[in-house]
Chemist: 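One structure is given below, represented as structure tokens, and several questions about it will come after.
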Amino acid sequence: MIQSLCKIQVNCFKNFKYIKNICCVVTAVHKKSFACISNNDEKSETQTWPKEAVACYNKLENLVHKHNWEKYNLHNWKGESAGRHYGVCKDINIYQGSFFYSKTEKKAKAVITYGPYSEGFFGHVHGGAIATHHDEITGIVGSLLGTCVTANLNINYKSRLLIGQTTLYSGELEKVEGRKVYIKSKVTCPEEKTLYSEATAILIIINNS
């Protein structure tokens, strides 16, 4: 089946408007439950999430209630709190998830599930999408020290990650040398038994908090 779909997508590059439909079909082969994800969760953030993602989200929420962690709110281009955490292409989520952080522990965590528009190789999450959230999670940790910019991000991919699988991102501060901030991060399954990728980052503080 995958081979026939490959031939279809190659032919469809001549007509770009059909690529979305083919990508969604390929995703359905690997994780059909993800097809329900849409842009309809304004009232309940986890309304359309897979059960595994909801369970992971609840564990992170527990850190807020019992260990003084905080939920991180993304902001739109106007600087306003976006509230929800996902990227959207038309009416389909590129990814969805939530970010949490601890000022005292200098750590951050996130639950992320990738949708069809995050696809690279058939049924697999694109490495660039994973890199984006390594940058995001290390950036959140760096922001606990002040306004930072990323100078270096080095990623090692360990295991394949399929569209629709729930991931747990974890980032933590390693050391600070002058204006340089060294942070490490990893992507695992929610139980942390499978390592999908790991990264190290160097951020530069441009304005102390």
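The chain is numbered in sequence order, starting from 1.
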Chemist: Nearest 0.5 Å please: distance from the CD1 atom of I183 over to the OG1 atom of T200.
Modeler: 10.5 Å

Chemist: Over all heavy atoms of both residues, which pair between G142 and C148 is shortest? Give the atoms and the distance, please.
Modeler: O-SG, 3.3 Å

Chemist: Using modelled atom types only, decide if a donor and an acceptor are shared between the side chain of R179 and the backbone of I205 within a distance under 3.5 Å.
Modeler: yes

Chemist: For residues E191 and E52, determine if any side-chain heavy atom of one lies less than 4.5 Å from a side-chain heavy atom of the other.
Modeler: yes

Chemist: Just wondering, do L168 and L60 contact through their side chains at under 4.5 Å, heavy atoms?
Modeler: yes

Chemist: Show the numbers, then the answer: is there a salt bridge (charged side-chain N to carboxylate O under 4.0 Å, His left out) between K184 and E198?
Modeler: CA-CA 8 Å; K184 64 180 180 179; E198 56 188 3; over 6 Å; no

Chemist: Report yes or no: does H124 contribute a side-chain atom to a donor-acceptor pair with the main-chain N or O of F122 at less than 3.5 Å?
Modeler: yes

Chemist: When rounded to the nearest 0.5 angstrom, what distance separates CG in L203 from OG1 in T147?
Modeler: 11.5 Å

Chemist: Hey, does K158 have a side-chain heavy atom less than 4.5 Å from the side chain of K186?
Modeler: no

Chemist: How close do G127 and Y157 get, counting heavy atoms only, and between which atoms?
Modeler: O-OH, 2.7 Å

Chemist: In terms of hydrophobic clustering (I, L, V, M, F, W, Y; side-chain heavy atoms under 4.5 Å; direct or indirect links), are V64 and Y57 co-clustered?
Modeler: yes

Chemist: Hydrogens and angles aside, do S102 and H67 bring a side-chain donor and acceptor to less than 3.5 Å of each other?
Modeler: no

Chemist: Taking the side chain as every heavy atom from C-beta outward, state whether I137 and S170 have any atom pair closer than 4.5 Å.
Modeler: no

Chemist: Mark yes when over 12 heavy atoms from residues, nucleotides or ligands other than N68 sit less than 6.0 Å from its CG; otherwise mark no.
Modeler: no

Chemist: With a 4.5 Å cut-off on side-chain heavy atoms, are K109 and W69 touching?
Modeler: yes

Chemist: Test Y196 against R160 for side chain to side chain contact (heavy atoms under 4.5 Å, CB included), laying out the working first.
Modeler: CA-CA 6 Å; Y196 295 118; R160 64 177 186 161; over 6 Å; no

Chemist: From the options L161, T188, I130, N156, select the one residue that forms a side-chain contact (heavy atoms from CB on, under 4.5 Å) with S197.
Modeler: I130

Chemist: Check whether N58 reaches the backbone of V54 with its side chain - one donor and one acceptor, N or O, closer than 3.5 Å.
Modeler: yes

Chemist: State the OG1-NE2 distance between T150 and H134, to the nearest 0.5 angstrom.
Modeler: 12.5 Å

Chemist: For residues L162 and V125, determine if any side-chain heavy atom of one lies less than 4.5 Å from a side-chain heavy atom of the other.
Modeler: no

Chemist: Hey, what do you get for OH (Y101) to CG (L144), rounding to the nearest 0.5 Å?
Modeler: 7.0 Å

Chemist: Working to the nearest 0.5 angstrom, can you tell me the gap between Q165 CD and S159 OG?
Modeler: 9.5 Å

Chemist: Ignoring hydrogens and geometry, is there a side-chain-to-backbone donor-acceptor pair from Y72 to I140 under 3.5 Å?
Modeler: no

Chemist: Can you confirm whether V176 sits close enough to L145 that some side-chain heavy atom of one is under 4.5 Å from a side-chain heavy atom of the other?
Modeler: yes

Chemist: So if I apply the side-chain contact (heavy atoms from CB on, under 4.5 Å) rule between C189 and each of L195, T166, T194, T167, which one comes out positive?
Modeler: T194

Chemist: Could you tell me whether the side chain of I204 reaches within less than 4.5 Å of the side chain of K180, counting heavy atoms only?
Modeler: yes

Chemist: Between H133 and Y114, do the side chains contain a donor N or O and an acceptor N or O under 3.5 Å apart?
Modeler: yes

Chemist: About how many Å separate OG of S185 and CD of E136, when rounded to the nearest 0.5 Å?
Modeler: 11.5 Å

Chemist: I would like to know whether E177 and K175 meet salt bridge (charged side-chain N to carboxylate O under 4.0 Å, His left out); could you show each step before the answer?
Modeler: CA-CA 7 Å; E177 294 181 350; K175 62 180 179 178; 3.2 Å; yes

